[in-house]
Amino acid sequence: MTKPSAPAPLLALAIIIGISMTNAHAQSTSPKVNWPAYQDMAVDLMQQYLRINTSNPPGNEIETAKFLKSLFDKYGIQNEIYEYKPGRANIIARLKGNGSKRPIILLSHMDVVTADASAWRVDPFSARIIDGDIYGRGALDMKNEGLLHLMTMILLSREGPKLSRDVIFLATADEEVKDEGSIWMIANKAGLFKDAEYLLTEGGDNLREGETVKFVGVDVAEKAPFWLQLIASGEPGHGSRPIADSAPNRLVAAMSRIIQYKPPIKLLPAVEKFFQDIAPLQTEPRRSQFAKIRESLKDPAFVESLTSDREYNFLLRNTISLTMLNGSKQTNVIPTTATCNLDVRLLPGEQPQEFLKELVKVIADPTIKIENVNTFKPPNSSVSDTELFRTITRVTKTHHPEALITTKMLSGYTESQLYRQLGIICYGWAPMYTTPEENEGVHGNNERISVKNVREGTREFYEVVSDLVR
Ligand SMILES: [Zn+2]
């Protein structure tokens with residue numbers, strides 16, 4: 001990759017006084033960015049990054065950290081690797097601003113989930129390009145976004161404006177298993193980034209149909225898993241002589257009450273905005289109902305019809321999914337205990353103890369014990385009325401005038417939850433536009449990203465960040 005040449009007098013001056021131009025901020029003297037060259041570079045680096053196997057377990061993120069370090073070193077960007085245990089590492093890099101605004105963090109995780117190579121079209125670590133798509137584990141989750149962050153750092157250092165704020169690149173280990181990397185950074189190195197105003201990471205929910213970007217959902221809130229196990233106990237016996245209040249019978253009765261239970265509807269501001277924003281895309285009567293969603297939710301018939309749709313139900317309430325069941329190992333044995341596990345997801349702002357109290361009433365059987373079986377991380381959210389949100393909207397509109405840009409709450413979890421606790425406004429967003437079919441590659445088979453998306457995403461992501469740091 002060659003940098004567009006500096007104006008001759010400046011170059012001559014640089015040679016005379018013996019400074020390197022490699023890392024000079026081009027600022028107003030910069031000719032237009034040579035996009036095709038940077039986009040070629042982005043595709044090449046995407047492939048290199050995907051070829052490093054960071055399947056977690058075991059992770060081995062030190063290899064990707066070294067890869068990123070070599071690039072930051074090459075472009076003169078200050079950086080440091082923290083190998084917090086053998087083979088497991090985070091890397092942080094920084095471009096200094098003048099301090100008039102607070103920093104922005106570009107956060108990605110370097111680990112990927114494991115891949116069953118026998119079910120893929122190609123080796124999951126080959127980064128082969130077939131029909132315009134780059135195949136590789138991590139192509140969507142989330143080495144693609146990490147690559148955009150990397151390219152933005154390189155572009156800012158060579159082509160960018162004078163920075164009003166620091167831009168911090170942070171790539172971590174272990175997001176897919178226990179968040180060890182981020183937890184370690186926050187526990188040991190928070191001083192490096194905790195004054196940040198903004199953070200961008202995964203979690204955005206975008207939709208492309210054909211060549212048209214239809215929907216850009218900026219993730220401003222996520223729900224939190226609060227996993228529970230119900231344990232029923234009772235007298236054991238022979239299956240030939242039924243026991244009316246046996247452990248399995250009690251458990252099934254309790255589960256039946258849970259299935260009937262409909263947790264109350266709660267409309268969060270980000271969700272209200274989402275419904276209002278998507279209203280114009282609906283046909284009547286939903287168009288009017290969504291436009292005044294808070295009012296519409298007072299109508300039980302509307303609530304019933306809306307929440308029967310999986311895509312909307314989880315946005316409006318705490319949810320409970322019955323997932324695991326355990327009883328006797330033998331058909332003719334009535335067991336002493338029977339258990340089931342519930343995947344409960346709480347809305348931002350919810351208190352798990354309050355939810356439990358409600359559930360105990362629903363179960364209505366004091367002999368059934370309830371245990372929390374995960375580490376609960378309190379759900380949180382970020383405001384959407386910000387300079388960053390407006391910048392994302394403005395830049396996206398210039399490239400995709402048809403796109404609807406709105407807030408989105410995820411049913412899943414991202415590391416934004418950890419960083420919001422430091423007071424940082426965290427969004428899940430990246431200009432990566434996929435179809436529902438392509439999205440099946442996330443944690444699935446044949447994960448891939450189009451070359452076109454890498455090329456165009458490099459430019460769009462850079463434009464958002466460079467606007468924000470002016
Ligand atoms: Zn991820």
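Counting convention: from 1, in listed order, for ligands and their atoms alike. Fair warning: this is a prediction, and the values are worked out from it, not measured in the lab.
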- Answer yes if the side chains of His109 and Asp179 hold a donor-acceptor pair under 3.5 Å, and no otherwise. no
- Task: Among Ile320, Leu359, Asn341, find the residue that satisfies the side chain to side chain contact (heavy atoms under 4.5 Å, CB included) test when tested with Leu228.
- Result: Leu359
- Provide the atom name of the closest N, O or S atom of Glu202 relative to the Zn ion (ligand 1). OE1
- Have a look at His109 and say which of its N, O or S atoms is nearest the Zn ion (ligand 1). NE2
- Check: Trp184 ring centroid to Tyr82 ring centroid under 6.0 Å: yes
- Identity of the N, O or S atom of Asp141 lying closest to the Zn ion (ligand 1): OD1
- Task: For the residue pair Glu415 and Ser182, confirm or rule out a side-chain donor-acceptor distance under 3.5 Å.
- Result: yes
